[in-house]
Amino acid sequence: GEPRGREQVALWRAQARAGQWREVFSDLMTRHYDPLYQRSLARSFAQLASAQVVALADGGEVALSEAARELVAAP
């Protein structure tokens with residue numbers, strides 16, 4: 001199975017000591033931050049499940065401008 005609790009924290013610490021920052025950051029975001037953030041959003045915004053989703057190719061100016069145009073044009 002996957003590590004839990006203290007095992008997971010010990011793994012992140014070992015990875016950090018080994019300089020595996022990309023792995024630590026990715027795991028922290030997907031296993032810890034994202035689930036907490038999603039639960040918080042669901043509690044705060046009752047209509048979140050029906051919200052429009054906008055996919056971004058990246059965080060660049062062109063992608064953000066295209067997303068803004070898409071949102072403004074939405075019915």
Side-chain angles (χ1 to χ4, degrees):
E2 295 190 15
R4 296 188 180 244
R6 291 182 182 172
E7 287 178 9
Q8 183 62 63
V9 172
L11 176 60
W12 286 330
R13 286 181 176 163
Q15 287 175 313
R17 282 192 291 273
Q20 297 173 334
W21 294 106
R22 181 182 307 254
E23 292 83 355
V24 173
F25 179 79
S26 175
D27 222 28
L28 278 169
M29 291 293 101
T30 57
R31 291 174 171 260
H32 180 69
Y33 178 78
D34 286 349
L36 290 176
Y37 185 66
Q38 288 300 319
R39 284 194 294 273
S40 175
L41 281 175
R43 280 192 308 271
S44 299
F45 301 100
Q47 296 177 343
L48 181 63
S50 61
Q52 180 180 354
V53 175
V54 177
L56 297 174
D58 55 43
E61 186 176 336
V62 172
L64 292 173
S65 292
E66 288 175 4
R69 278 193 294 278
E70 181 181 328
L71 288 169
V72 170

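Note: the hydrophobic cluster containing Tyr37 also contains Phe25 (ILVMFWY, side chain heavy atoms under 4.5 Å, direct or indirect links). Both Tyr33 and Phe45 belong to a single network of hydrophobic side chains, linked directly or stepwise wherever heavy atoms of I, L, V, M, F, W or Y lie under 4.5 Å apart.
Around atom CD of Gln52, more than 12 heavy atoms belonging to other residues, nucleotides or ligands sit under 6.0 Å away.
The two residues Ala42 and Leu48 come nearest to each other via the heavy atoms N-CD2, 3.8 Å. The shortest heavy-atom contact between Ala57 and Ala63 is N-CB, 4.2 Å. Of all the heavy atoms in Glu70 and Val53, the pair that sits closest is OE2-O, 4.2 Å.
By the side chain to side chain donor-acceptor pair (under 3.5 Å) test, Arg31 pairs with Glu2, Gln8, Asp27, sequence neighbours left out.
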Arg43/Ser40 under side-chain contact (heavy atoms from CB on, under 4.5 Å): CA gap, chis, key distance, verdict: CA-CA 5 Å; Arg43 280 192 308 271; Ser40 175; 4.0 Å; yes
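Grouping Ile, Leu, Val, Met, Phe, Trp and Tyr by side-chain contacts under 4.5 Å, direct or through others, puts Val24 with Val9, Trp12, Leu28.
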